[in-house]
Amino acid sequence: MTLPITSIGLLDADQVKSVIGAAVLAPSTHNTQPWRFHCTSAGLELHADPDRALPVADADQRELLLSCGAALFNLRTAIQALGAHPATTLLPRRDDPALLAVVRPFAARRPDPRLVELAAAIPRRHTNRTPFEDGAVPPSVVNSLRHAAEVEQAWLPKLDTQQLEGLRELVHKAHHTQIADPAFLDEWRLWTGRSPESRDGVPEYAAGAMPSNNGGWVLRDFGVRPRGRTDSSEPLVVVIGSFDDTAVDRIRAGQAMQRVLLTATAAGLDASFISQPVEVPAVRAELRQLLGGGLWPQIVLRIGRGTPVPWTPRRSLDDVLG
């Protein structure tokens with residue numbers, strides 16, 4: 001049974017509905033949307049939804065935590081844009097590991113213009129799997145993306161030419177490992193190529209381009225024919241990492257990922273995910289060594305300007321409450 005939405009702290013019921021609506025616009029692997037929200041008098045609770053986990057692609061539920069972290073960042077940012085401070089506690093109860101965070105919108109604050117800008121970018125951000133246009137992302141924007149990750153206690157290291165080439169090889173290695181696994185393919189097909197009426201998963205209209213049309217970067221969920229531009233381009237490819245790999249680090253990395261994505265959106269850029277090298281454990285270990293051994297790679301992003309594409313669907317609020 002769906003529980004009613006009530007006022008919480010400084011937010012009335014309509015505002016609570018609004019900020020949850022912003023939270024569910026976060027990205028998630030295969031658009032599984034693995035989160036649930038619960039409204040209490042103490043605050044807004046964010047829960048992981050294990051029924052929407054990916055046992056093959058995400059056996060340790062690391063990407064599930066990243067996705068929920070992204071939803072948490074949207075929630076926090078939407079609350080701040082309304083003039084309230086989102087006091088947030090991660091993993092508040094040891095006896096309930098699925099309760100990932102409690103957010104208490106109590107103290108009044110003047111909205112930070114930078115966060116208002118990011119809040120405005122939430123409904124505009126969407127994954128774009130088409131080939132990106134030629135042209136480098138300006139250094140000032142790259143610096144803003146790096147700062148966005150650091151604000152959320154994650155890191156976006158600068159990759160040299162040798163590291164980028166090594167990363168490209170690892171992407172291909174992980175991709176071939178996954179497509180050789182029948183269980184992975186079954187799971188992938190379950191969540192992709194869905195009809196336009198589906199409220200989750202990746203619909204066919206959101207499919208990306210064939211690998212040869214992305215500067216050699218393999219994009220999962222590609223369609224049966226190229227989409228958009230057909231010439232090769234070289235996007236900005238970045239890795240977001242953390243210094244440890246606990247559940248808290250993964251939630252924080254998800255918040256950093258979303259802050260980076262919204263910063264890119266606010267700058268007029270598109271982004272998509274290159275998930276393969278962090279989903280295959282042995283390849284992820286190689287990527288960690290490629291980065292110097294100090295960072296745990298959490299997600300790889302491709303950033304640039306692509307052909308406009310439709311948004312992927314989202315479940316209704318009734319489906320994520322309770």
Side-chain angles (χ1 to χ4, degrees), residues 1-28 32-52 64-125 151-153 199-200 247-248 250-259 261-262 313-322:
M1 181 179 67
T2 302
L3 299 177
I5 295 178
T6 61
S7 60
I8 300 175
L10 296 180
L11 305 186
D12 61 33
D14 286 340
Q15 290 173 319
V16 171
K17 182 178 181 179
S18 171
V19 298
I20 297 176
V24 301
L25 295 179
S28 57
T32 52
Q33 305 170 50
W35 43 63
R36 294 192 68 83
F37 298 87
H38 183 57
C39 301
T40 74
S41 58
L44 274 164
E45 294 182 353
L46 167 64
H47 295 255
D49 187 344
D51 291 338
R52 291 180 164 269
L64 181 149
L65 293 178
L66 290 180
S67 300
C68 289
L72 177 59
F73 182 79
N74 277 5
L75 182 67
R76 289 172 42 216
T77 303
I79 290 172
Q80 287 173 304
L82 291 175
H85 173 65
T88 303
T89 304
L90 300 182
L91 300 178
R93 291 202 294 266
R94 292 184 180 181
D95 62 341
D96 187 2
L99 176 55
L100 303 183
V102 176
V103 182
R104 301 173 177 85
F106 288 139
R109 283 195 176 179
R110 177 174 296 180
D112 183 330
R114 294 169 296 183
L115 291 172
V116 171
E117 182 181 31
L118 294 184
I122 290 174
R124 304 202 314 271
R125 185 222 64 82
V151 169
E152 299 300 326
Q153 302 181 56
R199 304 308 301 168
D200 54 13
V248 167
R250 293 171 176 184
I251 296 170
R252 286 174 176 160
Q255 293 181 90
M257 175 186 75
Q258 185 65 354
R259 188 166 191 138
L261 290 171
L262 293 178
R314 289 297 185 273
R315 294 187 290 156
S316 69
L317 291 189
D318 286 345
D319 289 334
V320 300
L321 288 171

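Side chains included, hydrogens not; waters and symmetry mates left out as well; all remaining heavy atoms used.
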Please report the shortest heavy-atom distance between [X] and [Y], naming the atom on each side.
X	Y	answer
Ala81	Pro111	O-CG, 3.8 Å
Arg199	Gln33	O-NE2, 3.0 Å
Ser67	Trp35	O-CZ3, 3.5 Å
Ile79	Pro105	CG2-CB, 3.7 Å
Ala13	Ile5	O-CG2, 3.5 Å
Met257	Ala70	CE-CB, 3.8 Å

Taking side chain to side chain contact (heavy atoms under 4.5 Å, CB included) as the test, write out the residues that go with Ser316, two or more places apart. Asp318, Asp319
Would you please name every residue forming a side chain to side chain contact (heavy atoms under 4.5 Å, CB included) with Val248, sequence neighbours left out? Leu90, Leu91, Thr246, Arg252
Just verifying a value: how many Å separate [X] [atom1] and [Y] [atom2], rounded to the nearest 0.5 Å?
X	Y	atom1	atom2	answer
Leu100	Thr89	CG	OG1	12.5 Å
Arg104	His85	CZ	NE2	11.0 Å
Leu82	Leu10	CG	CG	10.0 Å
Leu99	Arg93	CG	CZ	5.0 Å
Glu117	Asp112	CD	CG	10.0 Å
Leu262	Leu115	CG	CG	10.5 Å

4.5 Å side-chain heavy-atom contact, [X] and [Y]:
X	Y	answer
Arg125	Pro27	yes
Phe37	Val24	yes
Leu118	Gln80	no
Ser41	Ile8	no
Leu321	Ile20	yes
Arg52	Ser28	no
Leu46	Val103	no

Main-chain N/O of Ala84 paired to Arg109 side chain as donor or acceptor, under 3.5 Å: no
Arg314 (side chain) donor-acceptor with Leu25 (main chain) under 3.5 angstrom: yes
In short, side-chain hydrogen bond (donor to acceptor under 3.5 Å, both in side chains) pairs touching residues 68-78 with sequence neighbours left out are Asn74-Gln258, Arg76-Glu152, Arg76-Gln255
